[in-house]
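FYI, side chains are in, hydrogens and waters are out, and symmetry mates aren't considered; it's all heavy atoms of this structure. Just so we're on the same page: letters track the sequence lines, and every chain starts at 1.
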Number of protein chains: 2
Amino acid sequence: MKVLIIEDDPLHRSYLHEAVRAALPECDTVLEAENGHAGEVQARQSRAEHVVMDLQMSERNGIEAARTIWRERPDTKILFWSNYSDEAYVRGVARIVPEGATYGYVLKSTSDERLKLALRGVFIESQCVIDREVRGVQQKSLGTAHGLSDAEYEILVDVALGLTDKAIAQRKKLSLRSVQNRLQQLYEKLDVYEEPGNGPEGWYNLRMRAVAVALLRKVLNASALERGERELRSARGNEAH
Amino acid sequence: MKVLIIEDDPLHRSYLHEAVRAALPECDTVLEAENGHAGEVQARQSRAEHVVMDLQMSERNGIEAARTIWRERPDTKILFWSNYSDEAYVRGVARIVPEGATYGYVLKSTSDERLKLALRGVFIESQCVIDREVRGVQQKSLGTAHGLSDAEYEILVDVALGLTDKAIAQRKKLSLRSVQNRLQQLYEKLDVYEEPGNGPEGWYNLRMRAVAVALLRKVLNASALERGERELRSARGNEAH
DNA sequence: TCTTGTCTTGCGGGAACCCGCAAATTTTGC
DNA sequence: GCAAAATTTGCGGGTTCCCGCAAGACAAGA
């Protein structure tokens, strides 16, 4: 049995190495990669079917890497080990996990014990192991309360990238008014409308404010933006305008 | 000699502890705190004059903590040890270091050797030790090329928080048109104007796009936004409107 | 003092945004 | 298959944003 570790912080990498050694005596080789890109290459070459990886990495982030790994071998078992339970990350992971794949999501702040349990659970027992805190975010992000639908989330990203309503309409093949409708839903859900009587009426630019709130609440984060920007650029290229 | 370590990742904390022990034999006590808030309390109680801290922490981030520590004892020597050299962090630190204080800024990716040198340099020799990469960002952020002036940066934050032009004008005690002028400078510097002939003219909402670009280039980041939001709220409170 | 440069302010207009209203269309549930 | 519910679309308007133009305000320097 082979395990591939993808993590850019050397300290955390060696800690993971230890944990894998301790939790999985049946594992004979442990491979390491120090960023998402190297990780993809390693996974391809070594045919490792067990991967534990960080989400936030400089060269290429974990979500990207996981996606290509899963695209090539959808039965790979991946344990995500992240510092954050930002909604944007959780949503990002949920978005790419293929049908029936087994994976896990634990926070770096969990105990050694829980990490080892997760390693065995995901790699040996083929269970999906997801930390409580993360699960909480997941619920919230799907629940109706102030969770955004996929459609709303996508529009949020487009807006955050700085596209105009017209541009979004074109991209999403919708009418201008539909885009604006979705925007209004977004404003509603993100609770952007100011309570009356708190200063002059026009304090906020709703469009900007919605993005600010999303960033503050971690519904959106920098890496989600980067992903969006990349998609935008490639889409723009394909248009052959 | 006492040294206080403020860092929320336990692995990094113990690594720092080791490094301090090894680099500073003259140090007799090493204290630890696991977030910015606890760090401030520890600093006050222990009267430690030597602090090494992380910048990105959950409970209270390093910049906040450093500011209150320096406010109470401006001669404290602080070594910042961070994962990132985001312009927003570098600018944030530069913004709070008091006149004549000695401090350092090294990245977590530097070698053990350099970290130890920095520890001795800052704590023993009272030098300012700043990593090359960070220095690069510092230059850039001050240089005219695409560095923002303080005025522009502040407006950028206000816009990113979602304030309208009018609200900003009021806040900054400027006329509406002046605010818009500064915005135009911002658009210019962030290079938001699209090259003609690349799709329809009106692809971008300049206001949003400027913020998106700033985020992508790390001129702005989530923690800068949070800081801005907090200031905004307190200012709003004081207005007694 | 007069010039030169930078910064601020006012005016005006075109474009984009925000949104209520209502008809057309699609989706959902039985 | 049909009615209810949810989405999409068009129209119209009020508001804000973006910015060219030009007139004051202020500082530095010949």
For [X] and [N], give me the distance from atom [atom1] to atom [atom2], rounded to whole Å.
X: A:Glu154; N: D:dT7; atom1: CD; atom2: C1'; result: 16 Å
X: A:Leu206; N: D:dT16; atom1: CG; atom2: P; result: 11 Å
X: B:Gln184; N: C:dA15; atom1: CD; atom2: C1'; result: 14 Å
X: A:Ile168; N: D:dT9; atom1: CD1; atom2: P; result: 14 Å

Proximity to the side chain of [X] - top-ranked nucleotide from [options]:
X: A:Ser178; options: C:dC18, D:dT8, D:dC18; value: D:dT8
X: A:Asp165; options: C:dT9, D:dT9, C:dC18; value: C:dC18
X: A:Leu183; options: D:dC18, C:dC18, C:dT9; value: C:dC18

Are B:Asp8 and B:Arg60 close enough for a salt bridge, meaning some N to O gap below 4.0 Å? no
Would you list the atom pairs, donor with acceptor, under 3.5 Å between side chains in residues 49-59 of chain A and any protein atom, with sequence neighbours excluded?
residue, atom, partner, partner atom, Å
A:His50, ND1, A:Lys2, O, 3.2
A:Asp54, OD2, A:Lys108, NZ, 3.3
A:Gln56, OE1, B:Tyr84, OH, 3.0

Is there a side-chain polar atom (N or O) of B:Arg182 under 4.0 Å from OP1 or OP2 of C:dT8? yes
At their closest point, which heavy atom of B:Val179 faces which heavy atom of B:Leu174, and how far apart are they? CG2-CB, 4.2 Å
Nearest-nucleotide wise, let me know which of A:Met208 and B:Leu174 is further upstream toward the 5' end of DNA chain C. B:Leu174
For atom CZ of B:Arg132, decide whether the heavy atoms of other residues, nucleotides or ligands shown that lie under 6.0 angstrom number more than 12. no
Scan nucleotides 10-15 of chain D against the protein and return all N/O pairs shorter than 3.5 Å with their distances rounded to 0.1 Å.
residue, atom, partner, partner atom, Å
D:dG10, O6, A:Arg177, NH1, 3.3

Are the side chain of A:Asn61 and the backbone of A:Glu64 linked by a donor-acceptor contact shorter than 3.5 Å?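 Yes, A:Asn61 side chain to A:Glu64 backbone: donor-acceptor pair under 3.5 Å.
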From the options A:Arg44, A:Arg47, A:Arg67, select the one residue that forms a salt bridge (Lys or Arg N to Asp or Glu O under 4.0 Å) with A:Glu72.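 Checked A:Arg44, A:Arg47, A:Arg67 against A:Glu72; only one passes salt bridge (Lys or Arg N to Asp or Glu O under 4.0 Å): A:Arg44.
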